[in-house]
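Here the structure comes first, spelled out in structure tokens, and everything after it is commentary.
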Amino acid sequence: MNWNDDFWPLVIQIYLKKPLGIKPLYCRDMVNLALELHIPPQVIHRKMSYLRKSPTPTLRRKMDIYSKKPQWLKKACRNIRQQQGLGSGGALYDNVETRETFELDFRPVNAATAMMMGRPLFTPVMLIMLLDLYFRLVPATMVRETPEVRETAELLDISPKDVVDILEVFQYCDPFIETTDSLMDPMLPPCHRIWERYADDIEKLSVKAQQLKYYWMQ
């Protein structure tokens with residue numbers, strides 16, 4: 001989906017939320033709006049930067065009015081969502097083929113097996129966080145008692161056991177760790193996909209994890 005200037009009030013609403021100003025790229029509000037619009041968070045973040053650096057007189061006037069009349073902004077955003085059918089498969093998506101790209105990183109990868117395995121729903125962004133943790137530990141410290149494991153579990157709102165489970169799955173993706181048995185865990189394929197995306201560039205992985213952290217910190 002392409003950017004539409006009708007969406008400006010939705011971005012202004014997030015910009016005006018306390019603390020006032022540009023919000024982190026992957027904060028939950030930014031991600032939720034991106035998922036609604038099917039527009040990558042990076043695009044929305046650039047629009048937010050534009051609001052601070054060089055807004056047009058029209059946008060500057062809108063921001064001034066909305067900052068003084070938050071009820072007007074709330075109504076404007078509600079009308080946009082109703083008119084465009086955002087998040088409901090309404091008018092915005094009529095006759096449009098929606099091809100999800102970044103959205104898939106926020107969709108569960110184990111919905112079919114989570115209950116059976118007694119696990120939470122894992123998304124690729126959660127696996128990115130856990131892979132970053134994996135490279136900051138050694139196998140001997142991939143246990144529930146390790147402070148970094150407990151901190152990550154608290155951040156992602158899962159148990160330390162769930163964190164350790166995924167760290168152990170990543171060991172089967174790691175070519176430097178010899179495993180004598182095969183693994184039939186349904187989380188192996190999605191973990192392997194994340195490994196393939198980031199294992200060759202640990203610095204890129206670390207930056208991504210630091211950006212994504214804000215998604216759970218709100």
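Note that these values count all heavy atoms, side chains included, but never hydrogens, waters or copies made by symmetry. Note that this is a predicted model, so its numbers are computed, not measured.
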Regarding [X] and [Y], do their side chains bring together a donor and an acceptor under 3.5 Å, going by distance alone?
X    : Y    : value
D6   : W8   : no
D29  : Y214 : no
D185 : Y172 : no
Y66  : Q71  : no

Would you kindly confirm whether [X] and [Y] end up in one hydrophobic cluster when ILVMFWY residues are joined by side chain heavy atoms under 4.5 Å apart?
X    : Y    : result
I65  : L20  : yes
V43  : L59  : yes
Y198 : V207 : no
V143 : L131 : no
L137 : I166 : yes

Within 6.0 angstrom of [X] [atom1], more than 12 heavy atoms from elsewhere:
X    : atom1 : result
E196 : CD    : yes
R136 : CZ    : yes
D200 : CG    : no
R52  : CZ    : no
W3   : CH2   : yes
E148 : CD    : yes

For the [atom1] atom of [X] and the [atom2] atom of [Y], what is their distance to the nearest 0.5 Å?
X    : Y    : atom1 : atom2 : answer
Q42  : Q211 : CD    : CD    : 8.0 Å
T101 : I39  : OG1   : CD1   : 11.0 Å
D165 : R144 : CG    : CZ    : 7.5 Å
Q171 : I177 : CD    : CD1   : 4.5 Å
L130 : L156 : CG    : CG    : 5.5 Å

In terms of side-chain geometry, is the basic nitrogen of D105 or K208 positioned less than 4.0 Å from the acidic oxygen of its partner?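 Salt bridge: no.
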Does the distance from a Lys or Arg side-chain N to an Asp or Glu carboxylate O, for D64 and R60, drop under 4.0 Å? no
Side-chain donor or acceptor of [X] paired with backbone N/O of [Y] under 3.5 Å:
X    : Y    : value
T146 : M142 : no
H45  : K23  : yes
N110 : P120 : yes
S206 : I202 : no

Do Y26 and K213 pass the side-chain contact (heavy atoms from CB on, under 4.5 Å) test, and can you show the C-alpha distance, the side-chain angles, and the key distance before you say yes or no? CA-CA 8 Å; Y26 287 109; K213 188 178 294 186; over 6 Å; no
Parallel, tilted or perpendicular, judged at 30° and 60°: which one describes the rings of W195 and F170?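 Plane angle between 30° and 60°, so tilted.
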Ignoring hydrogens, what is the shortest heavy-atom contact between V109 and L127? Give both atom names and the distance.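 V109 and L127 have their closest heavy atoms at CG2-CD1, 4.4 Å.
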